Amino acid sequence: MPGIPLTRLLPALALGLCLAWPSHAVIIDSGDGTGNTSAPSDDPGWAHVGTKGATVIYLGNGWVLTANHVGIGDVVFQGVLYPAVAGSSIRLQNETGLPPDLRVFQIDPHPALPILPIRDSTPTVGTAVTMIGNGRNRGPETSWRGYEGYEWLGSRTMRWGTNLVGGFDTQFDTEAFSTDFTQTGGTTHEAQAANGDSGGAVFIKDGGVWELAGVLFALKEHPSQPADLALYGNLGYAADLAVYRDQIIELT
């Protein structure tokens, strides 16, 4: 079994970390953790990210993208409810093997937003990303077995944070890139996915243009790590949309 989907599966142990599980609002280590609840000044696509309990992304032309385990349903963008179109849900496919943790579906009516550019190449290690997700807020500072971090609260808020591409892996049959929640030398608003961030957006700026590069869907914890904690050294996983871009465009 792979990592932990960001709507929680039971963790399994892997080399040094628990195998990933599905993710909600990103935890940030800047300030008191309550910031970044509106679009950043250099906005990657805040209005395109909405909620369905967890998180969904509006692609344009009435189509929504999310993690498969989030499922189809009515969604909210910018405080407006948009009904899902019955029977419109389609799970993406891999060329071989089991399908990835990605799904598209239609809403009608839909927001008056432009089509969201999707990145067409896999990012390199060290590429800066902006993550947006809806879910658990940051709680008090904590530590466990020498790892520093934060507790999760029960409340949720849409929030953005930053990180860097750290590596590549396949989780839940999904080609993915990872980010590492770093205590020293991290980004300005260092972020880690939390339970419920599933379906959240990962944006990369390329040539002055923001592109949707990934969909948050899983995280990886330290072995035997207690639930509801974001600890430094945890990983977040985003589906690499460069791998699935042609299929998404064909479907939508």
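Counting from 1, the numbers follow the sequence of the chain as shown. The model shown is predicted, which means the values in this text are computed figures rather than measured ones.
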By side-chain hydrogen bond (donor to acceptor under 3.5 Å, both in side chains), which residues pair with [X], not counting sequence neighbours?
X: Ser38; result: none
X: Thr124; result: Thr127
X: His110; result: Tyr58
X: Trp210; result: Asp42

*Sequence neighbours left out, what pairs pass side-chain hydrogen bond (donor to acceptor under 3.5 Å, both in side chains) with at least one residue falling in residues 72-92?*
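As it turns out, the side-chain hydrogen bond (donor to acceptor under 3.5 Å, both in side chains) pairs with a partner in residues 72-92, which skip direct neighbours, are Ser89-Arg103.
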*asked:* Show every side-chain hydrogen bond (donor to acceptor under 3.5 Å, both in side chains) that has at least one partner inside residues 243-252, sequence neighbours left out.
replied: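 As it turns out, the side-chain hydrogen bond (donor to acceptor under 3.5 Å, both in side chains) pairs with a partner in residues 243-252, which skip direct neighbours, are Asn94-Tyr244.
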*For the rings on His222 and Tyr147, is their centre-to-centre separation under 6.0 Å?*
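Close enough - the centres of the two rings lie under 6.0 Å apart.
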*ring pair (Phe, Tyr, Trp, His ring centres under 6.0 Å) involving Phe105 - partner list, sequence neighbours excluded*: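 So Phe105 forms no ring pair (Phe, Tyr, Trp, His ring centres under 6.0 Å) with any residue.
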*Would you please name every residue forming a ring pair (Phe, Tyr, Trp, His ring centres under 6.0 Å) with Tyr232, sequence neighbours left out?*
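Here the qualifying residues are Phe181.
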*Those residues that, when tested against Thr162, pass side-chain contact (heavy atoms from CB on, under 4.5 Å) (two or more places apart)*: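 With neighbours one apart ignored, the set is Thr130, Trp160, Thr187, His189.
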*Which residues satisfy the side-chain contact (heavy atoms from CB on, under 4.5 Å) test with Ala201, sequence neighbours excluded?*
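Partners of Ala201 by the side-chain contact (heavy atoms from CB on, under 4.5 Å) criterion, ordered by chain and then number, come out as Val49, Ile57, Phe203, Leu212.
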*Look at the side chain of Asn36 and the backbone N and O of Gly161, then say whether any donor-acceptor pair between them is shorter than 3.5 Å.*
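Checking the backbone N and O of Gly161 against the side chain of Asn36, no donor-acceptor pair under 3.5 Å is found.
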*Are more than 12 heavy atoms from other residues, nucleotides or ligands located less than 6.0 Å from atom CD of Gln93?*
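Buried by this count: over 12 neighbours within 6.0 Å.
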*Going by the salt bridge (Lys or Arg N to Asp or Glu O under 4.0 Å) test, which pairs reach into residues 106-121, not counting sequence neighbours?*
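Salt bridge (Lys or Arg N to Asp or Glu O under 4.0 Å) check on residues 106-121 returns Arg119-Asp206, Arg119-Glu211.
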*asked:* By the salt bridge (Lys or Arg N to Asp or Glu O under 4.0 Å) test, which pairs, at least two apart or in different chains, include something from residues 160-171?
replied: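 Only Asp169-Lys220 qualify under salt bridge (Lys or Arg N to Asp or Glu O under 4.0 Å).
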